[in-house]
Number of protein chains: 2
Amino acid sequence: MTFSEENYLKTIYHITSSSGTEVSTNAIAEKMETKASSVTDMLKKLADKELIVYQKYKGVILTDKGSHLAKMIVRKHRLWEVFLVDKLHFPWDEVHDIAEQLEHIKSEKLINKLDDFLGNPTEDPHGDPIPDSSGLIKKSNKLLLSEVELNKEYRCIGVKDSSSDFLKYLDKQKISLGSTFVVKERENFDDTLLVEVNSRKVTISNKIANNLFVH
Amino acid sequence: MTFSEENYLKTIYHITSSSGTEVSTNAIAEKMETKASSVTDMLKKLADKELIVYQKYKGVILTDKGSHLAKMIVRKHRLWEVFLVDKLHFPWDEVHDIAEQLEHIKSEKLINKLDDFLGNPTEDPHGDPIPDSSGLIKKSNKLLLSEVELNKEYRCIGVKDSSSDFLKYLDKQKISLGSTFVVKERENFDDTLLVEVNSRKVTISNKIANNLFVH
DNA sequence: AATTATTTTTAGACAAATCTAAAAATATAT
DNA sequence: ATATATTTTTAGATTTGTCTAAAAATAATT
């Protein structure tokens, strides 16, 4: 498999995970920042290899074979992210681009040894689950801050939207990866939260709470 | 730079290191297992980018820029080899192919953090020197077993010829990476050596001794 | 239901890296 | 020094992945 084929497979896998249905040509093109015509070309190639089921104008779904390969790429991506954060001490928001490259390294032995070296983690630094060597995925217990129970302690494991405006806001509020949250009150009218962030009381809007992942 | 350009640059660097003079089109083609015509095409491209000095029919040499880039690729290759052997416990003879892939990962920050993580090693598992981040190379103190002094202790760090016949011979003699050697006698007639291998007396021919690297 | 808008596919072109076969330059040998 | 052999380059073709522009299919709207 070429890098490009792997990237398409991964993208289809990710869109399927959130939508559940067939994936459209345009959806793939948009996510990969390429043209629909390029996508069509590649879909034919992937269909020939029996990695996807493709019917003209009807969108695609992954075959079992394609789904397994996609999971192996996701597995590699997330294991490398753990390596970069845990072992090389990269900030959590810098690892994605490097993992995008590392996920294409081909060696099953390498990835299984890396898995052991890292202590067989089940989640990456963003709280996303890491498929095991047979493709099994322990479902994530990652939540949005807007969904948590009152008076329970949670730890910040990531953001959904990583726009610079949002990251600046977090910086101002001294919220970072690993911060602890305890939601003390929820305003019924607009779902604004009164939260203890590292024992400091902060008011957090619903929009903000919808962009913070916790554990 | 593309993977292919990097591979050409690295090959030219390696051939230059051992020959010292201009590198011929055919020498490159042979080492890369490709056709001379493909090499010519790429040489033009590398010359356009001012990474090599290329004159038709006269062979090539690296420019300073090309030489530095080549060293950075070698640096990455050798650091990843150290990672694979020291941290993931790969056998020393399995790491080359994986490092060939990892050497193309693009991130200066990654490679410098990896360097620190590994304790800034100056040699890879085969005893070859690792260029530092500015391209400086500490000259190797790697020797052939045929060149060592009598009654001094050396450690096996690699082989020159890795044909399967030779590796089988080593296996039979229980010689492996890390074995200690003390040369007790040298036969003047044919340079056969009487060697203590891990305190066991073994007779080693000059041809064998010329293929074992020690420290 | 007919028209308009959107999505998707096709057709044809292009750049990168490779190849084969033939031509040109250089090296070797008689 | 002339003929032969080798090396290197050119010319033209191929594959992969991309693109633009136009055509075809599907979806949305009046």
Side-chain angles (χ1 to χ4, degrees), chain A residues 1-13 15-16 18-62 66 69-70 73 100-101 103-106, chain B residues 1-13 15-16 18-62 66 69-70 73 100-101 103-106:
Chain A
M1 271 217 296
T2 65
F3 281 24
S4 191
E5 287 171 342
E6 291 191 342
N7 285 333
Y8 275 93
L9 223 50
K10 190 185 57 163
T11 301
I12 295 167
Y13 175 79
I15 299 174
T16 310
S18 44
S19 78
T21 60
E22 300 82 25
V23 179
S24 74
T25 303
N26 256 10
I28 299 168
E30 200 175 323
K31 203 147 200 171
M32 299 190 68
E33 294 179 15
T34 182
K35 293 295 145 77
S37 55
S38 309
V39 175
T40 303
D41 288 344
M42 182 56 88
L43 294 184
K44 287 177 187 165
K45 207 163 300 173
L46 294 175
D48 282 348
K49 295 193 171 186
E50 300 188 321
L51 301 175
I52 60 172
V53 179
Y54 169 54
Q55 278 184 283
K56 278 189 194 173
Y57 299 101
K58 303 286 181 183
V60 297
I61 51 168
L62 293 168
L69 281 173
I73 300 161
E100 287 283 291
Q101 297 181 62
E103 73 188 2
H104 299 296
I105 302 295
K106 279 156 196 74
Chain B
M1 269 216 296
T2 65
F3 282 25
S4 191
E5 287 171 342
E6 290 191 344
N7 285 332
Y8 275 93
L9 223 50
K10 189 185 57 165
T11 301
I12 296 166
Y13 175 79
I15 300 174
T16 310
S18 44
S19 78
T21 59
E22 299 83 25
V23 179
S24 76
T25 303
N26 258 10
I28 298 168
E30 200 176 324
K31 203 147 202 171
M32 298 190 69
E33 294 179 13
T34 184
K35 295 294 145 77
S37 55
S38 308
V39 176
T40 303
D41 287 345
M42 183 56 88
L43 294 183
K44 287 176 188 167
K45 207 165 302 173
L46 294 175
D48 280 349
K49 295 192 173 189
E50 301 189 319
L51 301 174
I52 59 172
V53 178
Y54 169 55
Q55 277 184 286
K56 278 190 196 177
Y57 299 100
K58 303 286 179 185
V60 298
I61 50 166
L62 293 168
L69 281 173
I73 300 161
E100 287 282 291
Q101 297 181 60
E103 74 189 2
H104 299 295
I105 302 293
K106 281 159 194 71

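Proteins get letters first, then strands, A, B, ... in listed order; numbering begins at 1 in each.
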Which of residues 2-11 of chain B have a heavy atom under 4.0 Å from DNA chain C?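 Thr2(B), Ser4(B), Tyr8(B) - these, ordered by number, are the residues of the stretch whose heavy atoms sit under 4.0 Å from the strand.
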Between [N] atom [atom2] and [X] atom [atom1], what is the distance in whole Å?
| X | N | atom1 | atom2 | value |
| --- | --- | --- | --- | --- |
| Met32(B) | dT18(C) | CE | C1' | 12 Å |
| Met42(B) | dC19(C) | CE | C1' | 14 Å |
| Asp48(B) | dA16(C) | CG | P | 11 Å |
| Met1(B) | dA17(C) | CE | P | 12 Å |
| Lys44(B) | dA16(C) | NZ | P | 14 Å |
| Lys58(B) | dA25(C) | NZ | C1' | 9 Å |
| Asp41(A) | dA15(C) | CG | C1' | 15 Å |

Heavy-atom side-chain contact between [X] and [Y] under 4.5 Å:
| X | Y | answer |
| --- | --- | --- |
| Thr40(B) | Lys56(B) | no |
| Leu9(B) | Met42(B) | no |
| Glu100(A) | Lys10(A) | yes |
| Ile28(B) | Val60(B) | yes |

Across the strands shown, which category fits Thr25(B) at heavy-atom distances under 4.0 angstrom: base, sugar-phosphate, nothing? sugar-phosphate
Residue pair Lys35(A) / Ala29(A): nearest heavy atoms and the distance that separates them: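 Looking at all heavy atoms of both residues, the shortest contact is C-CB, 4.0 Å.
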Tightest non-hydrogen contact, residues Ala36(B) and Asn26(B), listed as CB-OD1, 3.6 Å
Return whichever of Glu33(A) or Lys56(A) has its heavy-atom-nearest nucleotide of DNA chain D closer to the 5' end. Glu33(A)
Chain B contact limits on DNA chain D, taken 5' to 3' with a cut-off of 4.0 angstrom to heavy atoms: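 Span of nucleotides near chain B: dT7(D) to dT10(D).
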Donor-acceptor under 3.5 Å (Gln101(B) side chain, Lys106(A) main chain): yes
Are more than 12 heavy atoms, taken from residues, nucleotides or ligands other than Glu50(A), located less than 6.0 Å from that residue's CD atom?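 No.
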Would you please classify the geometry between the Phe3(B) ring and the His104(B) ring as parallel, tilted or perpendicular, with 30° and 60° separating the classes? parallel
